[in-house]
> 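I'd like to ask you about the structure that follows.
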2 protein chains.
Amino acid sequence: MIKQTQKRSIETRAKLIRVATEAIAANGHSALRVEEVVKNAGVAKGTFFAHFKDKDALMELIIGAQINEYLDAAEAMTAPDDVDELITRMRPLMNFMTGERYIFDVIVRHSGAAVKEEIGPIAQTFDRTIEIVSAWIAQGQFRKDVSEVLLAEGVQAFAVQAMALHFCAINNQEEMHLRFKTYLQAWLTPTPTK
Amino acid sequence: MIKQTQKRSIETRAKLIRVATEAIAANGHSALRVEEVVKNAGVAKGTFFAHFKDKDALMELIIGAQINEYLDAAEAMTAPDDVDELITRMRPLMNFMTGERYIFDVIVRHSGAAVKEEIGPIAQTFDRTIEIVSAWIAQGQFRKDVSEVLLAEGVQAFAVQAMALHFCAINNQEEMHLRFKTYLQAWLTPTPTK
DNA sequence: GATAATAATTGACCATGGTCATAATTATGA
DNA sequence: TCATAATTATGACCATGGTCAATTATTATC
């Protein structure tokens, strides 16, 4: 019962992704229409859904790839020494994620995998972010009373919170990063006096 | 330019909300259909959208009201002394929020207000949660190096994170609360040894 | 190379949220 | 009480994502 994937199918799928990526580059994520994609790819509508469970699945794929580009860039940098540098490293990615409300919604919706065996592209980038950030934290001047993985998970939680509040009111991106900084200082370099 | 709202309009709106609430009680949030609501309310489809910007706006209203019931219950309790008690206080609300994937998505989508002047029902409950939790934290045995409001915002960030990961894989709710506990211990009672 | 088996594609059709010009109702005021 | 304005309701219509039985293309078998 092994399904033999034909070359034709691989090409069709690639064409759909390419066409969709181009459309997004031109008009933004939220403006993408399935009809438009299949028309420009020269296939029928049903073909689209034979390749992707739904429109969201394709978006997840594309956004996941975009996030990975930012993570590549982040990974290429030196480990941050302090909170300020950590924020600088994450800034481009956070700006991308909040560049369009639609993007952020898709990301949040897919930040957790549906099934353990089948972890989606965006959930994968969350895992990868944890890896990268925890490796950074292990090298920097941060608290040592809890594991760096836990700290990295917290960084992610605060990043999501800062981004969610970014869409609140007329907050601009600079405010978002400031808020993020306040969180991280309290999280990564606490000085409790109970 | 003051719009005079007629009694008829108020009644129609109330009927739509009541009918929708009943339908949700019977079949769950995600199964709600606008067609069904207008049919049972005895009005035309267009009327629905004259009263609510979109289906999401009604959902926000109803879910916001439900959250407020949980907050009422939480507020009636004594302030928690430690992390365990804090989690106990928040447990029913978090269980509700994760009871249906659809509910959580709606909540996250509306956790930030669109405009400062017009803060939505769910965003209001987030504010209220911050108030309640920060008041609790001020009274309990928690770190004092940062403001209780900041700590409360962190509690919320970690709650969202724990809930998002809950949908990941086959994690059950117990695991969610355990994860939440780990976060909160590190956040609220740090013992750094830099 | 004929035939059977499997994979891939098709497009008419459906489900459902949302729009808007028009009609019906209610308030206003002389 | 009637004319006029303002408010509310209507439902045909549209936009768009998604389904599925039927069809076509490819591969395997002899």
Side-chain angles (χ1 to χ4, degrees), chain A residues 1-20 23-24 26-63 100-103 105-106 109-110 114 120, chain B residues 1-20 23-24 26-63 100-103 105-106 109-110 114 120:
Chain A
M1 265 303 147
I2 330 106
K3 60 141 192 277
Q4 290 286 24
T5 305
Q6 305 178 356
K7 185 176 54 171
R8 176 173 60 142
S9 172
I10 294 171
E11 288 168 352
T12 303
R13 184 187 164 91
K15 198 194 295 174
L16 285 170
I17 295 174
R18 179 164 43 75
V19 166
I24 286 171
N27 308 313
H29 293 70
S30 64
L32 189 73
R33 295 287 173 274
V34 173
E35 299 264 20
E36 181 199 7
V37 173
V38 296
K39 197 187 66 184
N40 291 339
V43 300
K45 204 172 190 179
T47 303
F48 182 97
F49 294 97
H51 286 272
F52 308 100
K53 184 185 164 296
D54 50 27
K55 182 185 163 185
D56 232 36
L58 174 61
M59 284 299 330
E60 199 193 348
L61 211 67
I62 293 174
I63 291 179
E100 245 184 291
R101 171 83 220 209
Y102 181 83
I103 297 178
D105 284 345
V106 172
R109 207 162 41 241
H110 293 91
Chain B
M1 263 300 147
I2 329 107
K3 57 144 189 278
Q4 289 288 25
T5 304
Q6 305 176 355
K7 186 175 53 166
R8 176 173 61 143
S9 172
I10 293 171
E11 288 168 351
T12 303
R13 183 188 163 90
K15 197 193 297 172
L16 286 169
I17 294 174
R18 181 163 43 77
V19 166
I24 287 172
N27 308 311
H29 293 70
S30 65
L32 190 73
R33 295 288 174 272
V34 173
E35 299 264 20
E36 182 199 6
V37 173
V38 296
K39 196 187 66 184
N40 291 338
V43 301
K45 204 172 190 180
T47 303
F48 182 97
F49 295 98
H51 285 273
F52 308 101
K53 184 184 162 295
D54 49 27
K55 182 185 162 186
D56 232 38
L58 174 61
M59 283 300 330
E60 199 194 348
L61 210 66
I62 292 174
I63 292 179
E100 246 184 291
R101 171 84 220 208
Y102 180 82
I103 296 179
D105 284 345
V106 172
R109 206 163 41 243
H110 293 92

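All heavy atoms count here, side chains included; hydrogens, waters and symmetry mates do not.
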> Let me know the distance between NZ of A:K39 and P of D:dG17, rounded to the nearest Å.
13 Å
> CD/B:Q6 to CD/B:E11 distance, rounded to the nearest 0.5 angstrom?
10.5 Å
> Whole Å only: how far is the CG atom of A:D54 from the P atom of D:dC20?
14 Å
> In whole angstroms, how far is the P atom of C:dG18 from the NZ atom of B:K53?
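Whole-Å distance recorded here is 8 Å.
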> Could you state the CZ-P distance from B:F48 to C:dC20, rounded to the nearest angstrom?
17 Å
> Rounded to whole Å, how long is the line connecting atom CD1 of B:I10 with atom C1' of D:dT7?
12 Å
> Reckon A:S9 has a side-chain N or O less than 4.0 Å from the OP1 or OP2 of C:dA7?
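For C:dA7, OP1/OP2 do not have a side-chain N/O of A:S9 under 4.0 Å.
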> How do B:G46 and B:Q6 order along DNA chain D: which one's closest nucleotide is nearer the 5' end?
B:Q6
> Using whole Å, what does the distance between atom P of nucleotide D:dA9 and atom CZ of B:R8 come to?
5 Å
> Below the 4.0 Å mark, does D:dA9 have OP1 or OP2 next to a side-chain nitrogen or oxygen of B:H51?
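The answer is yes; a side-chain N or O of B:H51 sits under 4.0 Å from OP1 or OP2.
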> Looking at CG of B:D56 and CG of B:L61, how far apart are the two atoms once the value is rounded to the nearest 0.5 Å?
11.5 Å
> Of the nucleotides C:dT28, C:dT19, C:dG11, which has the atom closest to the B:Q4 side chain?
C:dT28
> Can you name the one residue among A:V37, A:V43, A:I24 that meets side chain to side chain contact (heavy atoms under 4.5 Å, CB included) with A:V19?
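Option passing the side chain to side chain contact (heavy atoms under 4.5 Å, CB included) with A:V19: A:V37.
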> Judged by atom type as modelled, is there a donor-acceptor pair below 3.5 Å linking the side chain of A:E100 to the main-chain atoms of A:S30?
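Yes: the side chain of A:E100 pairs with the backbone of A:S30.
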> Please determine whether any donor N or O and acceptor N or O are separated by less than 3.5 Å between the side chain of A:K55 and the base of D:dG18.
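Donor-acceptor pair under 3.5 Å: no.
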> Quick one: on DNA chain C, does B:L32 or A:T12 contact a more 5' nucleotide (nearest heavy atom)?
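By nearest-heavy-atom nucleotide position, the 5'-most residue is A:T12.
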> Using a cut-off of strictly less than 4.0 Å, decide whether A:R33 has a side-chain nitrogen or oxygen near OP1 or OP2 of D:dT16.
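Yes, such a contact exists.
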> Roughly how far apart are B:H51 NE2 and B:K15 NZ, rounded to 0.5 Å?
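One gets 10.0 Å once the value is rounded to the nearest 0.5 Å.
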> Find the distance B:E35:CD to D:dA12:C1' and express it as a whole number of Å.
12 Å
> Determine: side-chain N/O of B:T47 to OP1/OP2 of D:dT10, distance under 4.0 Å, yes or no.
yes
> Over how many whole Å does the gap from A:E11 atom CD to D:dT26 atom C1' extend?
13 Å
